[in-house]
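Here's the structure we're looking at; comments come further down.
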Amino acid sequence: MIKRDRRYRHSAPESGTGRSATVALLPGDASGTVVTDQAARVLRAIGKKFGHSIEIEGGLYGALAIDRAGTPLPAETLALAERADALLLGGGASAKRWEDPRLPVHPAQATLELRQRLGLYANLRPVRLFSELADLSSLKPELVRAVDLLLVREVSSGVYFGKPKKRWQSSGERRALDTTAYSEKEIVRVLRFAFELAQGRRRRLTSVDKANVLATSKLWREIANELAAEYSEVSLEHMLVDNCAVYLMTDPGRFDVIVTENLFGYILQDVAGALAGAHGLLPGGSLGTQKNTIGFPVGVYEPTRAAAPQAEPEKANPVAAILSAAMLLRHSLGLEKEAAAVEGAVSAAVRRGFRTADIARAGERAVDAAAMTDAVLGALEQEKTAD
């Protein structure tokens, strides 16, 4: 039996007063600059409203860093990341220029290096829909209105990091090899994290694998069953990754917390994200083993994808970035009350009819990123601060 280790409990603590923290702001690209700037406005407003000192420092990262410094993660940015209490990113680069797999440098390399340097291992992707926007989904509104799931993806190992990884030519044809590898330690820590998160939600955990064919999945399922004995209050089910994808599209309300390995998680996150009908609404974050200066896990938070054409970055939807900032407040600064205030303000803005171009229906007025954030800040200002 695996020994229970409470180091992996990540329940949100009570909010503190007068908290001081440094947040690294890494936009990534043009639309990323727009949405992170808007999220920074919200973080500053939270600091002022609740009496915290949140210092925000910017750095080159991703596509912008390649253009200006020739590398996706300059040494200065890495130094900032390693001393910051949390990081807020602008999302992955979406320009077509990055679609060529033969490129010697790519913005995604910065993300992978950050995960390794900061010890990140668990990516969180909450999918909770605004009832006012349920008809944006490609699924029937009655299927998605009740969706409230959290997908936990292991991000420190698996095929992205496995070795050997190579390409070669043999017998006149090109060949390639990628290796998927997982250790017991890597599996245990992300499963513990998922069990703990499920305890604080609806106590249902779906562990996703491909145990009918993959050795790593067989080990994953074996360890999940061993840990389940320690979390008797959580209902554990196993599901093959292909079946999970089908259920996400046909019965998404059945899920509470989903946990899976790196590659499967990457795919399922996009499948789950499609439920919302617009990626500009979905936040995300990754946590690891390192603690920041105030004793919480260092985290990297970012929206799922860019939400505007590169030619019109000012029209990007800032909601996902703002909600990612709320996750940052909750998980890396321990400010639950403040995180809930941000989420409530976003919901209020949507309820009052504010829409960016990606979520506006025919005939509805679309606002730009700054105006959408103005609406969120207005709602935040109207919220009373609890004693």
Side-chain angles (χ1 to χ4, degrees), residues 1-11 115 119-127 147-162 178-272 284-289 297 331:
M1 179 62 65
I2 299 171
K3 183 179 179 181
R4 191 162 191 171
D5 190 336
R6 304 307 294 183
R7 290 179 301 168
Y8 297 101
R9 187 172 182 84
H10 289 267
S11 57
R115 286 174 182 165
L120 307 180
Y121 69 87
N123 177 264
L124 305 182
R125 186 62 51 82
V127 180
V147 170
D148 180 6
L149 66 88
L150 178 61
L151 202 154
V152 182
R153 168 190 167 203
E154 202 289 325
V155 292
S156 71
S157 194
V159 72
Y160 290 89
F161 301 101
D178 290 294
T179 302
T180 297
Y182 268 104
S183 70
E184 179 176 355
K185 177 182 177 181
E186 291 164 341
I187 297 172
V188 166
R189 67 184 179 184
V190 75
L191 283 172
R192 283 198 186 282
F193 189 12
F195 270 110
E196 300 286 358
L197 288 169
Q199 279 186 321
R201 289 172 53 92
R202 301 191 302 279
R203 300 186 177 185
R204 299 202 310 269
L205 179 63
T206 303
S207 178
V208 175
D209 57 42
K210 194 64 177 170
N212 55 338
V213 293
L214 298 179
T216 50
S217 284
K218 294 179 190 297
L219 177 61
W220 182 285
R221 185 172 292 203
E222 179 181 315
I223 292 173
N225 284 332
E226 293 171 359
L227 288 175
E230 303 176 19
Y231 297 91
S232 58
E233 66 275 32
V234 175
S235 174
L236 172 68
E237 70 169 340
H238 299 286
M239 189 174 291
L240 298 178
V241 62
D242 42 330
N243 291 339
C244 184
V246 170
Y247 277 118
L248 281 170
M249 289 292 100
T250 57
D251 187 18
R254 66 173 287 158
F255 295 110
D256 180 18
V257 178
I258 300 172
V259 61
T260 190
E261 61 102 68
N262 207 341
L263 179 60
F264 297 161
Y266 185 87
I267 296 169
L268 292 178
Q269 283 176 345
D270 274 0
V271 174
S286 297
L287 299 175
T289 57
H331 294 287

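- Between the side chain of R202 and the main chain of D148, a donor-acceptor pair closer than 3.5 Å is present.
- D242 has a carboxylate O that lies under 4.0 Å from a charged side-chain N of K210, or vice versa, which qualifies the two as a salt bridge.
- Using a 4.5 Å heavy-atom threshold, the side chains of R203 and D256 count as separate.
- Closest approach of R153 to E261, counting heavy atoms only: CG-O, 4.0 Å.
- A salt bridge links R192 with E230: the closest approach of a Lys/Arg side-chain nitrogen to an acidic carboxylate oxygen falls below 4.0 angstrom.
- In this structure, S157 contributes its side chain and A181 its backbone to a donor-acceptor pair below 3.5 Å.
- Between the side chains of S235 and E237, not a single donor N or O lies within less than 3.5 Å of an accepting N or O.
- Between I258 and F264, the closest side-chain pair of non-hydrogen atoms is not below 4.5 Å.
- Side-chain atoms of S156 do not come within 3.5 Å of backbone N or O of Y121 as any donor-acceptor pair.
- Proximity of a side-chain donor or acceptor of T260 to a complementary backbone N or O of V208 within less than 3.5 Å is detected.
- L240 and A211 make their closest contact through CD2-N, 3.8 Å (heavy atoms, listed as atom of the first residue, atom of the second, distance).
- Using a 30° and 60° split on the angle between ring planes, W220 and Y182 fall in the perpendicular class, above 60°.
- Scanning all heavy atoms of the two residues, the minimum distance from L197 to L150 falls at CD1-CD2, 3.9 Å.
- Annotation: side chain of L214 is not in contact with side chain of T180 (no heavy-atom distance under 4.5 Å).
- Here the side chains of V159 and N262 are not in contact, with every heavy-atom distance at 4.5 Å or above.
- Side-chain atoms of R189 and T289 include no donor-acceptor pair closer than 3.5 Å.
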